[in-house]
Amino acid sequence: MASAAAAAAAGTGCYSQTSWALRRLGAGGGALASAATRRRNCSVAAAVFDNQNREYVIVGGGNAAGYAARTFVEHGMADGRLCIVSKEAVPPYERPALTKGYLFPPEKKPARLPGFHTCVGSGGQRQTAEWYKENGIEVLYEDPVEAFDGKTQTLKTSSGKILKYGSLIISTGCAAARLPEKIGGDLPGVHYIRDVADADSLVSSLGKAKKIVVIGGGYIGMEVAAAACGWNLDTTIIFPEDHIMPRLFTPSLAKKYEELYEQNGVKFVKGALIDKLDAGSDGRVSSAILKDGSVVEADTVIVGIGAKPSVSPFEAVGVNIEVGGIEVDSMFRTSIPSIFAIGDVAAFPLKMYDRIARVEHVDHARKSAQHCIETLLTSQAKAYDYLPYFYSRVFEYEGSSRKIWWQFYGDNVGETIEVGNFDPKIATFWIDSDSRLKGVFLESGTSEEFSLLPKLARSQPIVDKAKLKSATSVEDALEIARSSL
Ligand SMILES: Cc1cc2nc3c(=O)[nH]c(=O)nc-3n(C[C@H](O)[C@H](O)[C@H](O)COP(=O)(O)OP(=O)(O)OC[C@H]3O[C@@H](n4cnc5c(N)ncnc54)[C@H](O)[C@@H]3O)c2cc1C
Ligand SMILES: NC(=O)c1ccc[n+]([C@@H]2O[C@H](COP(=O)([O-])OP(=O)(O)OC[C@H]3O[C@@H](n4cnc5c(N)ncnc54)[C@H](O)[C@@H]3O)[C@@H](O)[C@H]2O)c1
Ligand SMILES: O=C1O[C@H]([C@@H](O)CO)C(O)=C1O
């Protein structure tokens, strides 16, 4: 950061938090200080930093950034004051769509931008590039922040722009974990899926594909394998554990989903690690070689082996060693004044369960963004009290024999009681040693049934386990749980 550091050094102290705060109180709406204010605050560097000062800067243009922008607008604090610095070429969108509607086969009308910009995923206004312009929000596209200096409150982007911020909101999310290049992780035909450019590249491969291998049995693995069924592709999922979705599903719940996938033609290779991905004579991936020497042919490989928080270049702000990510308090404040972190990258106090957590799901991205910006703008000291909520939807495309949509609320700890087997519902209840209901999962519920789940997981009632075990249907089990509230 040589040049940025030199430029920033000249301005050290000129635009301290105090001067930003003064301007916020007294400047009457402009993001940039008037020439007179600048002269008062710092006579030397004003010229240098003309055009470089931003009152609020959000780094990252993903889900959390979109919801943060909306909250700024709702509070009348966006116009001329807010800048979003994004690595991507398009404004924030609802990332979950990338492995759902985006991967529908061409004849089933796949989702495309601008259809799913934030905040349509939660029923809000669709924030297109025009929306940002109309609301006076500056968005820098395809210009990731590469360097950061907390002392001088300065950022440097890859194009060399120097930005001084009053308040900084880090919402850099996660990046897909990759297989090493030396084992073929970067071969043509090997895909990772995190952003819309990745999804476009995958769609172009699916159009030509015959045999696909999905590596990883988590969210991406399950959603992409189901999508591949819609393209009528020969699909194999390979993962190291003994069942899919090991982060959340019990072995018996996983078995039910695996059977459903098998009925749709998907093959499973469990307990297997990848030794390497091989290329054919055209240089494209042609097979996955497993550690036991077996070979699975593939013309397209999709790797979904987890995500890593994108903390760079903000490591100095404070990274949590246990869960990764930037550590924040219950108002998303980092250890450095005026710097906040939200969404996937934030390691925050999960109040209900008294632990520090990172949550890599969209509901938290939306709610953390709203909470952070509201507390920042209103100076209300309100602690974030999050109830974990995860969901997935697969086989949604028209013509699919069964649409699958599950939701989970709470904590997946303790013993489990499971009812139903795609008839069409399944419910799983996680119950601790005091008979308190800690987590609840429901497949194919009605909206009324789904709306019961957060109430149960939030209030953690003591349930009659024997009664729940004897439930004759999912409806019956939910009624038993409801009556314990
Ligand atoms: C394919 C896919 C499907 C998903 N489906 C679901 C789902 O069904 N349900 C669910 O609950 N969750 C789902 N998730 C998770 C959910 O999308 C994330 O939790 C959510 O997007 C997190 O929001 P975020 O803003 O923290 O991060 P992101 O949305 O990832 O945004 C981070 C942004 O920061 C940018 N960035 C990173 N570094 C820099 C930098 N240095 N400078 C500038 N910009 C930078 C990135 O390019 C990106 O645009 C899915 C995720 C993926 C990848
Ligand atoms: N519906 C949703 O909530 C949803 C959907 C898609 C993606 N996402 C998010 O996107 C991110 C990435 O998802 P993901 O599915 O990659 O992560 P994940 O953590 O859900 O699953 C990773 C899987 O990869 C496998 N794995 C791990 N290391 C491996 C290795 N070295 N070789 C082979 N397999 C390995 C394991 O089977 C593991 O279950 C996560 O943050 C996830 O929450 C969420
Ligand atoms: O949360 C979500 O947002 C998108 C979509 O609803 C936006 O249109 C999607 O597929 C989700 O699961």
Side-chain angles (χ1 to χ4, degrees), residues 58-68 84-103 111 115-123 126 140-148 155 157-158 170-177 179-180 192-199 214-224 237-241 243-249 270 272-274 302-314 325 341-346 358-366 368-369 389-394 396 405-406 408:
I58 298 175
V59 179
N63 258 109
Y67 283 77
I84 299 178
V85 191
S86 179
K87 195 194 259 180
E88 295 188 62
V90 290
Y93 51 86
E94 301 287 356
R95 202 166 299 284
L98 295 181
T99 37
K100 301 181 184 61
Y102 212 89
L103 298 185
F116 59 97
H117 282 297
T118 60
C119 297
V120 292
S122 63
R126 187 158 55 106
L140 306 180
Y141 295 104
E142 295 184 279
D143 200 7
V145 167
E146 285 191 340
F148 152 78
L155 304 168
T157 70
S158 73
I170 303 170
S171 56
T172 45
C174 280
L179 290 176
Y192 301 83
I193 180 156
R194 184 74 205 179
D195 61 29
V196 74
D198 299 333
V214 177
I215 301 175
Y219 286 94
I220 298 246
M222 282 194 73
E223 293 183 6
V224 172
I237 311 186
I238 304 175
F239 50 85
E241 298 89 356
H243 66 81
I244 51 158
M245 289 289 288
R247 281 208 284 160
L248 179 63
F249 286 11
K270 302 178 188 175
L273 279 169
I274 305 295
I302 296 113
V303 183
I305 57 168
K308 293 202 162 40
S310 301
V311 293
S312 175
F314 301 106
I342 56 177
D344 278 15
V345 79
R358 269 193 326 100
V359 172
E360 296 176 0
H361 294 274
V362 74
D363 179 61
H364 162 69
R366 294 169 180 157
S368 62
Y389 164 44
F390 318 140
Y391 68 86
S392 184
R393 300 189 313 267
V394 289
E396 293 181 278
W405 182 17
W406 59 258
F408 168 85

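All ligand and atom numbering here is 1-based and tracks the order in the structure. What you see is a predicted model, and the numbers here were worked out from it, not measured in a lab.
Applying the side-chain contact (heavy atoms from CB on, under 4.5 Å) criterion to Y141, with sequence neighbours excluded, gives P91, A129, V139. Considering only residues two or more places apart in sequence or on other chains, H117 meets the ring-ring contact (aromatic ring centres under 6.0 Å, His included) condition with none of them.
Around atom 53 (C) of ligand 1, the closest heavy atom drawn from N63, I193, T99 belongs to I193. The closest heavy-atom contact to atom 33 (C) of ligand 1, among the options A176, G61, A346, comes from G61. When V120, N63, T118 are checked for heavy-atom proximity to atom 7 (C) of ligand 3, V120 turns out nearest. Comparing heavy-atom distances from atom 25 (O) of ligand 1 across A365, A64, A341 singles out A64 as nearest. Between atom 14 (N) of ligand 1 and the options P96, P309, A68, the minimum heavy-atom separation is to P96.
The shortest separation from a heavy atom of R366 to ligand 3 is under 4.0 Å, placing the residue in contact. I215 counts as a contact of ligand 2, since one of its heavy atoms falls under 4.0 Å from the ligand. Not a single heavy atom of D195 sits under 4.0 Å from any atom of ligand 1.
Considering backbone and side-chain atoms alike, R393 places an N or O below 3.5 Å from some N or O of ligand 3. Ligand 1 has no nitrogen or oxygen under 3.5 angstrom from a nitrogen or oxygen of S392. For a threshold of 3.5 Å applied to N or O pairs, the pair formed by S86 and ligand 1 contains no separation below that value. Considering backbone and side-chain atoms together, K87 places an N or O closer than 3.5 Å to an N or O of ligand 1. Polar contact check, S310 against ligand 1: no nitrogen or oxygen pair lies under 3.5 Å apart.
Within the 4.0 Å heavy-atom criterion, both parts of E360, backbone and side chain, lie near ligand 2. Residue contacts with ligand 2, taken as heavy atom pairs separated by less than 4.0 Å, do not involve F390 at all. Residue contacts with ligand 2, taken as heavy atom pairs separated by less than 4.0 Å, do not involve M245 at all. Neither the backbone nor the side chain of C174 has a heavy atom within less than 4.0 Å of ligand 2. Neither the backbone nor the side chain of H364 has a heavy atom within less than 4.0 Å of ligand 1.
Close approach to S171 involves these atoms of ligand 1, each under 4.0 Å from a residue heavy atom: 32 (C), 33 (C), 34 (O).
There is no side-chain donor-acceptor pair under 3.5 Å between T99 and Y219.
Atom CD1 of I342 and atom OG1 of T172 lie 9.5 Å apart (nearest 0.5 Å).
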